[in-house]
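Accompanying notes for the structure given below.
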Amino acid sequence: MSIQQNLNTIKSQLPAHVTLVAVSKTKPVADLMEAYNAGQRIFGENKIQEMTDKWEIMPKDIEWHMIGHVQTNKVKYMAPYVSLIHGVDSLKLLQEINKQAAKNNRVIDCLLQVYIAEEESKFGLDEQELEELLKQVQHDKENFKNIRIVGLMGMATFTENKHQIEKEFKHLKTIFDKIAASKDGISKDTINRVSILSMGMSGDYQLAISCGSTMVRIGSSIFGSR
Ligand SMILES: *Cc1c(COP(=O)(O)O)cnc(C)c1O
């Protein structure tokens, strides 16, 4: 199957409200261009250097999403162009994104990464840390004019156990709904439009969508294994 065929198959399975991020990490520009020529405009990368190299040479109507863990000292390299940062998990990082966005006269959209897996290795905030972070941003909103928190991101445990994965996705959806509906403590302008729930990858995106995902990050099912 070609990249174009893989893309078409996946897109035909996605409901209209679900956005597809084509995860192109480690893949050569020729592969990304094949997806681009098939109509794909949103690409996800997990390393800033690699994403920036690709951004420099590829068409400028592409939306670049940073899906990996972000080191504070590297934010400046993507601040001129990045469309959405999925893995924000600290106030310090949010402050740096705001600072670099301001330098570039931009407002950068961010997702807060929530820890839902059982594994130790995954990054993210727990529910309490998430609420705390939202409150801090709300309290100090004059200093966060160049970022927008537009939703949440999560990764399920790496397991074959579908029940486990489903439980974790549903948990994240519950947190998402709570925050999106929240009236006290967190006002509408901190979370101007918490509308994106980024969950689901090649192996579990259908399950994620059935649990409420609005954005799936799919790599190997489009571009082949890495
Ligand atoms: C690599 C990666 C993906 C895509 O994984 P596939 O299994 O290849 O679809 C999705 N999300 C994140 C955060 C990733 O690092």
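Throughout, residue positions are numbered sequentially from 1 according to the sequence presented. Here the structure is a predicted model, which is why all the values come from computation and not from measurement. All ligand and atom numbering here is 1-based and tracks the order in the structure.
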S221 to ligand 1: N or O pair under 3.5 Å?
-> no
Would you mind listing which atoms of ligand 1 come within a distance below 4.0 Å of any non-hydrogen atom of I218?
-> 9 (O)
Scanning both residues in full, the closest heavy-atom pair of D109 with S83 reads CB-O, 3.7 Å
Using 4.0 Å as the upper bound for N to carboxylate O, is an ion pair formed by K92 and E96?
-> no
Min N/O separation G219 to ligand 1 under 3.5 Å = yes
What atoms in ligand 1 come closer than 4.0 Å to a heavy atom of M155?
-> 13 (C)
Flag N46 as yes when one of its N or O atoms lies below 3.5 Å from any N or O atom of ligand 1, and as no otherwise.
-> no
Specify the protein heavy atom at minimum distance from atom 10 (C) of ligand 1: its residue, its atom name, and the distance to 0.1 Å.
-> M201 SD, 3.4 Å
Atom NZ of K47: over 12 foreign heavy atoms under 6.0 Å = no
Within-4.5 Å side-chain heavy-atom neighbours: F43 and M51 = no
Is it true that K178 and E127 have a side-chain N and a carboxylate O under 4.0 angstrom from each other?
-> yes
Report yes or no: does H86 have a heavy atom closer than 4.0 Å to ligand 1?
-> no
Hey, which of Q113, H86, H65 is the one that makes side chain to side chain donor-acceptor pair (under 3.5 Å) with S198?
-> H86
Below 4.0 angstrom from a heavy atom of S202, which ligand 1 atoms are there? Numbered from 1 as shown, please.
-> 6 (P), 7 (O), 8 (O), 9 (O)
Write out the residue and atom name of the closest protein heavy atom to atom 15 (O) of ligand 1, then the distance separating them to 0.1 Å.
-> K25 NZ, 2.7 Å
What atoms of ligand 1 come closer than 4.0 angstrom to any heavy atom of R217?
-> 4 (C), 9 (O), 10 (C), 11 (N), 12 (C), 13 (C)
Where K27 and K54 come nearest, the two heavy atoms and their spacing | O-NZ, 2.8 Å
Step through the shown structure and confirm whether more than 12 heavy atoms of other residues, nucleotides or ligands are within 6.0 Å of OH on Y81.
-> yes
Nearest protein heavy atom with distance in Å, relative to atom 13 (C) of ligand 1 = I67 O, 3.5 Å
